[in-house]
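Scroll down for the structure; my scribbles are underneath it.
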Amino acid sequence: MLLAVLAVVVGALTASAGTATGASASGSLVPRVGTGSPQTGAFTPSGEGDVFDEEFFEEEDADAADEPDPYAGSIVDRSLSAGGASVGIATTTGKKAKSNPTFNVGFEGLNFYQQRYARGGNQFSVEPPDQGMCAGNGYIVEAVNDVLNVYDTAGHSVLPDNTATNIVSGFPRNVNHAVDLNSFYGYPPAINRSTGARGQFVTDPSCLYDAATQRFFVVVLTLEVVPTSGAFTTVNHLDIAVSRTSNPTGLWNIYRLDVTNDGTNIGGTNPGPYLGDYPHIGADANGFYITTNAYPWCCNGFSGAQIYALSKAQLAAGAASVSMQHLDTSGMVNAPSDAGPTQPGFTVWPAQSPGADTFNTDNGGTEFFLSSNAADEATHPKAGTGGDYVGHKIVLWTLTNTSSLNSGTPAVSLSNKLLDVGTYAIPPKQQQPGSGTAPGLNTPQGHCINDTTTLTIAGVGCWRLLFAAEPAHNEVISRPDSNDTRMQQVWYANGKVWGALDTAINPDGGAQRAGIAWYIVNPNAGKIVLSGYLGATGHDFTYPAVAVLPNGRGIMAFTDTGNSTFPSAAYASIDAKAGIGEWNDVPGGAGVAPDDGFTSYKSQVGNPPRTRWGDYGAAAVVGNSIWIASEYIGQQCDYTPWGGPFFVGGTGDNLLGTCGGASHGPGARAALGNWSTFISKFTP
C-alpha cells in the first residue's frame, strides 16, 4: 500500500450469493532479464561526509485524515464458547494456548537497524516491513521492505558475512549478513548518499518455496524513478526472482513483467497508466500466480485486481521467456456497485499448497483465490470512496485448465462465487501500553521530539538532533495501524481453501477491538465449511497469515497488541474439524517496548499521523511443521543510550539512535524506527 491514490477505503455490499464468469485472458511472454544473487552490490560508504541526508523516500502515503472511521456497530458472540469450533461469529475471549501445537524454535528475523544500514547505509528508513517469508530444503528466506536474508533452521544467517565491508560512518556495521533488495535485483542503491542519485523503488516483497519444482520465488513491485530527484515515472513492473536450484544462497533468474498499463478505465474516470500495487503470489501443479491491485496514477479510484498466470515449469527451468496469461477482474462479481451491475475484484489472493502433490488437479488443473468485498475499491471503484465499510460476503475465485499454461496455446478460465459469511467491518486502530500519553524513556524518538531541555551537540533540546525547525512538543505514544478488511494469506489444503482477514469485533460484548475473521471453504461445493472470529478482551489481533498441513491442521500467525501488551508475534491453531483453537504469544516473540517509528509522529509525517504496521505476515509448510512470521517490537532501547554521544557527556555509537554502544553495534534499532520481525516453527 503505497501512494495517496492507493488509500484503502472500505464500503458495503449486500448482494446475494452468485457465480460470475467472463474474464478473458490475454497472453504474452515474460522475458528473463538477467540474474541476481543475495550479494551486496557496489556502493559508496555513507557517513559524515554525506551530501544527502534524506531519510524518507518521497512517496505519498494515504492521508490519515481520509481514513474511514472504524465500524460503529457491534460484532459479538451469540453462540460459541471461547476458543472452540465455530460456524458464524466467535468473539468471546479466546483461551491462551498451553502446549498444543508444539513450539520448536523461534528467532528474530530482519529488523529496522539491518534494513536502514544494509549496503553501507545507502537505504531509506522504511515502514512497514511488509514481511515475506518462505521455507524449504533446510532454508528460510525472509524478505521485507527493503532487505533480504536466508537462514538455516536454527535461525543463523547462511549468507556471507558482509560486516567488514559494510562501512557506515567510518565503522563496519553488522547487519547479520542481510542484503538490500536493490542489490538482489541488480539495481543501484536506493539512494547514493554521496551524490543523491536514486535507484529504483522496490516494495511489497512476497516469497514462496515450491516443493514440486524445488525452487524459491521472491516477487516485488518495482517503480522506476528519475535518478536525480526520485520522482516516479509511472513505469512499474513485477520483478520475479526464481532460484536456479533448491539452494537460495546461489544464483537466481530474474523475470520482469511490466504492469504499467494493466487495469480498467472504469466508467471513463480511471484512465491509465496504472500502479500494480500489493502483489501476492501462489502456485498450483502447473502455474505460478501473481495478483495486484491496479490504481490509476492520475486520480483517486480503483481499476481492478489483476491476475497473472505464468508457467511454473518454464520459470523453474530458467526459460528465456515464460508463457503468461493476464486476467483483469473488473466487472466480474455480480453485485451492485457504482461500476454498474458488477464490481471488480480487490486483493484477490492466490492460494499456496503444502508439499509437492497436494494441488487440485480437477478440470485440467485448478488454482483457487479468495477476496473480500467490503472495500470501496470493489463497491465504489470510480471514486474510491463512498461506502459504509461493512461486508457480509467473501468471494471464491476458481481458475481452471491451468495445465494449458505449459502448452503453446494456454486457455485458462476464471469464475467466481459469492459466499455468505458473518459480518466483518473495518477495525479500530491497535492499542499498546501508554497509547495517547506522552512518550517515556522507553520510547526515545517520541520523547526526543518533546524534549526541550537535554543538552545536545546541536544545542539545548533533543529535538534539535532530528529537525532544523522546532516542532510542536506534544507527541504521544501512538495507536498502530490495523489492517482494513482485505483478504490476507490464502491456503489450499485438505481439499479446502483457507483464509483470514482483519475486522472489528467486540470481545465478550465489551469495547470494540481489532480482531480476525477466518474462513474454511469447500471449493467444490462452493460453501463455507467453518468460519468465525478470533479476539480477546484488552487485545488487538492484526495481519493474520494461515498455513495448513495436508491433514487439515494448521497455524495462524498474527500480531498481538493490547492495553498491557507491547506489539508481539502471536499464533493460534486452526483445524478443518475444530476451527480456531487457543492462542498465545510465540515463545520469545513477546514485545518489549512501544512502537516508536517515524510514522507515529505528526512532526515527521503530518497531522494526524498514521502509524504503519504490517502490511502482511507470512506462514509456510515444511513437512509436518509450519513456519510463521509476524512483526513485533523485539528490542528495548532507552533514552540515554539512544542519544549516546549526541547528548553532552554521553558515550556510545556515532550513529544516533542505534543503542549500539562503544562497539558500534549491531544496534537494537535506528534513530527513526524500532520494528523487528519474528520467525518461528510449530508442529500442529
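Treat the numbers as computed from the prediction; the structure is a model and nothing was measured.
Side-chain atoms of T233 do not come within 3.5 Å of backbone N or O of V225 as any donor-acceptor pair. Between the D575 side chain and the G554 main chain, no donor and acceptor come within less than 3.5 Å of each other. Here the side chain of K496 pairs a donor or acceptor atom with the backbone of N494 at under 3.5 angstrom. D284 places no side-chain N or O within 3.5 Å of a backbone atom of F288 that could act as its donor or acceptor partner. The closest donor-acceptor contact from the side chain of Q430 to the backbone of D481 lies under 3.5 Å. Distance alone, capped at 3.5 Å, is enough to place a donor-acceptor pair between the N293 side chain and the T347 backbone. For the pair Q314 (side chain) and S323 (backbone), a donor-acceptor distance under 3.5 Å is present. A donor-acceptor contact shorter than 3.5 Å is absent between the side chain of T292 and the backbone of A294. Side chain of T269 to main chain of I266: a donor-acceptor pair is present (N/O by atom type, distance under 3.5 Å, no hydrogens or angles). A donor-acceptor pair is defined here as one N or O able to donate and one able to accept, closer than 3.5 Å; no such pair exists between the side chain of W498 and the backbone of I520.
Looking at heavy atoms from C-beta onward, L275 lies in side-chain contact with L223 at the 4.5 angstrom threshold. Within the 4.5 Å cutoff, the side chain of N416 has heavy atoms near those of the V333 side chain. By the 4.5 Å heavy-atom criterion applied to side chains, Y274 and V259 are not counted as neighbours. Within the 4.5 Å cutoff, the side chain of T402 has no heavy atoms near those of the T400 side chain. Counting heavy atoms from C-beta on, the side chains of V529 and K527 never come closer than 4.5 Å. Two residues are said to be in side-chain contact when any heavy atoms from C-beta on lie closer than 4.5 Å; V497 and P523 meet this criterion. Counting heavy atoms from C-beta outward, T366 and T398 have side chains that approach closer than 4.5 Å. Counting heavy atoms from C-beta on, the side chains of N483 and T542 never come closer than 4.5 Å.
Here the CZ-OG distance, from R32 to S321, works out to 9.0 Å after rounding to the nearest 0.5 Å. Residue L221 holds its CG atom at 6.5 Å from CG of D277, rounded to the nearest 0.5 Å. Note that the OG1 atom of T329 and the CD atom of Q306 stand 6.5 Å from one another [nearest 0.5 Å]. Between atom CG of residue D328 and atom OG1 of residue T264 there is a gap of 3.0 Å, rounded to the nearest 0.5 Å. Summarising the geometry, atom OH belonging to Y185 is positioned 10.5 Å from atom CG belonging to D146; distances are rounded to the nearest 0.5 Å. Put simply, CD1 on I516 and CG on D502 are 6.5 Å apart, with the number rounded to the nearest 0.5 Å.
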*asked:* If you apply the rule side-chain contact (heavy atoms from CB on, under 4.5 Å), what do you find for L370 with W349, and how did you get there?
replied: CA-CA 6 Å; L370 288 178; W349 200 302; 5.7 Å; no
Please walk me through it: do R479 and T611 pass side-chain contact (heavy atoms from CB on, under 4.5 Å)? CA-CA 7 Å; R479 295 185 62 183; T611 301; over 6 Å; no
As a quick check of understanding, evaluate side-chain contact (heavy atoms from CB on, under 4.5 Å) for W297 and N236, giving each step before the final call. CA-CA 11 Å; W297 283 94; N236 61 111; 3.8 Å; yes
Going through the checks in order, is the ring pair (Phe, Tyr, Trp, His ring centres under 6.0 Å) test met by F558 and Y543? CA-CA 5 Å; F558 53 94; Y543 298 98; over 10 Å; no
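Using modelled atom types, one finds no donor on one side chain facing an acceptor on the other under 3.5 Å when comparing E631 with T559. With 3.5 Å as the limit, one finds a donor-acceptor pair spanning the side chains of D130 and N145. One side chain, S371 or W397, offers a donor N or O that lies under 3.5 Å from an acceptor on the other. Judged purely by distance below 3.5 Å, without hydrogens or angles, the side chains of Q200 and E224 pair a donor atom with an acceptor atom. For the 3.5 Å distance criterion, the side chains of N401 and S413 fail to qualify, holding no donor opposite an acceptor. Side-chain contact of S311 with N406: a donor-acceptor pair under 3.5 Å is present, judged by distance alone. Side chains of N286 and S403: no donor on one and acceptor on the other come within 3.5 Å. Remark: the D239 side chain and the Y187 side chain contain an N/O donor-acceptor pair separated by less than 3.5 Å.
Between Y209 and F216, the ring centre distance stays below 6.0 Å. Ring centers of Y289 and Y308: at least 6.0 Å apart, outside the cut-off. In this structure, the ring of H280 has its center less than 6.0 angstrom from the ring center of Y616. Ring-centre distance between F346 and F302: below the 6.0 Å cut-off.
When every heavy atom of K382 is checked against every heavy atom of N270, the shortest pair comes out as CA-OD1, 3.5 Å. Scanning both residues, R215 and S243, for their nearest heavy atoms gives CD-O, 2.7 Å. Residues C134 and A620 approach most closely at CA-CB, 4.2 Å, considering heavy atoms. Taking both residues in full, the closest heavy atoms of T260 and T234 are given as CG2-O, 3.3 Å, listed atom of the first, atom of the second, then distance. The two atoms that bring L327 and A25 nearest to each other are CG-CB, 3.9 Å, heavy atoms only. Nearest heavy atom pair, residue V218 against residue C207, reads CG2-SG, 4.0 Å.
Each salt bridge (Lys or Arg N to Asp or Glu O under 4.0 Å) pair with one or both residues in residues 312-323, not counting sequence neighbours, appears once here: D210-K312. Within the structure, no pair that satisfies the salt bridge (Lys or Arg N to Asp or Glu O under 4.0 Å) test touches residues 341-355, not counting sequence neighbours. Note on residues 352-364: pairs passing side-chain hydrogen bond (donor to acceptor under 3.5 Å, both in side chains), not counting sequence neighbours, are N360-Y492.
Cation-pi geometry between R486 and Y278 is met: under 6.0 angstrom from the ring centre, within 45 degrees of the axis.
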